[in-house]
> 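I'd like to ask you about the structure that follows.
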Amino acid sequence: MRTLSPGVTQRLLLRDDREARTELLLRLLYSKSSADLVADALKDPSGKVCETTLSVLATVDFHALSVERAARLRNLNRHLQRTCPPLWECLDKETITPLVDAYADSDAFWQSAGRTLFENFCLFAHKAVAERSRLLADVFHLFGLVSRFSAPELIAPPEDVCACTTGIPGEGMDLTKAAFSPWDDGGLVPPDVPGALQAESFPSAWRLVDDRGRLPRSLEPDALGEPGEYQIVVAAFPGRKVSAAALPL
């Protein structure tokens, strides 16, 4: 799994401004690879760290930092679990905890590709596991789309809403216009879902969603449904309502 790009940390070490030092210290609280790189740079700081930043870092207790980082990773894990308890029921701790830790130690943690933190995590995990398990990748794809369509932004705001609320300068979010999605649809076009604000789909060799639209609570064969070729469809409706279905291909 890809860790945080060292170039970012190296540039922050060389910059002589408050914003860079603040960002650097924040990254140290979540990223072990950044902390290791900084610790190595402090052993021979010549040309690697600006003088003011060096003075600040000299006050850092790296053992206490590692304790704080572990606590923050546990909090991140709990936050993600509270956001979507069914995923933690579906996957065991040995599978998901290393992915949360790797997510916090990656560039993806600092880049907003999805609408929610949980969707960002699912995007990262989907890519991280795709080569070793297509099933796990599809599970993260499904839960990521559900989180995407559960975001508060899916409630269309009034026309005069402040731009700082929507994140779109000068206009409210119009969900009748399909926004760019970071998810790969596998070349499938989602069906027309009456009343839906948006819909996305992807192909899967597992049904994943039962006849009542319930998400998987286990990776056991009985919980995944009959194997085959399916189009998994997730749709968003007004009022933050989300539905999912598996259509045979």
Side-chain angles (χ1 to χ4, degrees), residues 1-9 11-12 23 26-27 29-34 72-73 75-77 79-84 86-88 91 95-134 136-155 157 163-169 171-175 177-190 197-204 208 215 232-236 240 242 244:
M1 286 177 278
R2 188 176 179 181
T3 56
L4 195 69
S5 300
V8 176
T9 303
R11 287 192 294 271
L12 292 173
E23 182 177 346
L26 185 59
R27 285 172 180 260
L29 291 170
Y30 288 94
S31 171
K32 183 180 184 301
S33 60
S34 284
R72 287 179 178 245
L73 291 178
N75 287 338
L76 174 62
N77 196 314
H79 173 77
L80 293 171
Q81 183 176 3
R82 285 195 300 268
T83 301
C84 187
L87 181 60
W88 265 252
L91 304 180
T95 298
I96 203 162
T97 299
L99 287 169
V100 174
D101 291 350
Y103 171 57
D105 197 25
S106 72
D107 289 317
F109 185 64
W110 305 95
Q111 299 168 354
S112 180
R115 288 181 175 140
T116 68
L117 177 66
F118 185 81
E119 185 190 2
N120 284 341
F121 166 67
C122 286
L123 283 163
F124 169 81
H126 174 267
K127 293 178 182 178
V129 304
E131 291 187 2
R132 64 183 172 92
S133 174
R134 192 66 246 173
L136 279 178
D138 286 355
V139 167
F140 283 115
H141 197 154
L142 173 60
F143 280 95
L145 284 179
V146 170
S147 176
R148 178 176 181 80
F149 287 161
S150 300
E153 291 83 357
L154 277 172
I155 303 174
C164 65
T165 303
T166 66
I168 303 176
E171 64 177 15
M173 181 175 288
D174 182 1
L175 290 168
K177 301 175 182 177
F180 167 78
S181 173
W183 295 99
D184 182 5
D185 60 13
L188 295 178
V189 177
L197 295 170
Q198 282 187 349
E200 291 192 35
S201 68
F202 64 94
S204 178
L208 297 180
L215 304 182
I232 308 300
V233 181
V234 181
R240 297 177 67 179
V242 181

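FYI, the numbering just counts along the sequence from 1. Note that the structure is a prediction, hence the values are computed from the model and not measured.
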> Could you grab the distance from atom CG of Leu145 to atom CZ of Arg115, nearest 0.5 Å is fine?
10.0 Å
> Which distance, rounded to the nearest 0.5 Å, do you find between the CG of Asn75 and the CG of Leu80?
11.0 Å
> Between Val8 and Trp110, is the side-chain contact (heavy atoms from CB on, under 4.5 Å) condition met? List the steps.
CA-CA 11 Å; Val8 176; Trp110 305 95; over 6 Å; no
> Using 0.5 Å steps for rounding, measure from the CG atom of Asp105 to the CG atom of Leu73.
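Reported to 0.5 Å precision, the distance equals 8.5 Å.
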> Just how far is it from atom CG of Leu76 to atom CZ of Phe121, taken to the nearest 0.5 Å?
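Between Leu76 CG and Phe121 CZ, I get 8.0 Å after rounding to 0.5 Å.
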> Looking at NZ of Lys127 and CG of Asp184, how far apart are the two atoms once the value is rounded to the nearest 0.5 Å?
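One gets 10.0 Å once the value is rounded to the nearest 0.5 Å.
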> Does some side-chain heavy atom of Leu188 sit less than 4.5 Å from a side-chain heavy atom of Val233?
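No; the side chains remain at least 4.5 Å from each other.
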> Rounded to the nearest 0.5 Å, how far apart are OG1 of Thr97 and CH2 of Trp88?
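Those atoms lie 8.0 Å apart.
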> Can you confirm whether Trp183 sits close enough to Arg148 that some side-chain heavy atom of one is under 4.5 Å from a side-chain heavy atom of the other?
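Touching, per the 4.5 Å side-chain cut-off.
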> Is any side-chain heavy atom of Ile232 closer than 4.5 Å to one of Asp138?
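No; the side chains remain at least 4.5 Å from each other.
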> Using modelled atom types only, decide if a donor and an acceptor are shared between the side chain of Ser150 and the backbone of Val146 within a distance under 3.5 Å.
yes
> So, the side chain of Asn120 versus the backbone of Gly114: is there a donor-acceptor pair under 3.5 Å, distance only?
yes
> Ignoring hydrogens and geometry, is there a side-chain-to-backbone donor-acceptor pair from Ser147 to Phe143 under 3.5 Å?
no
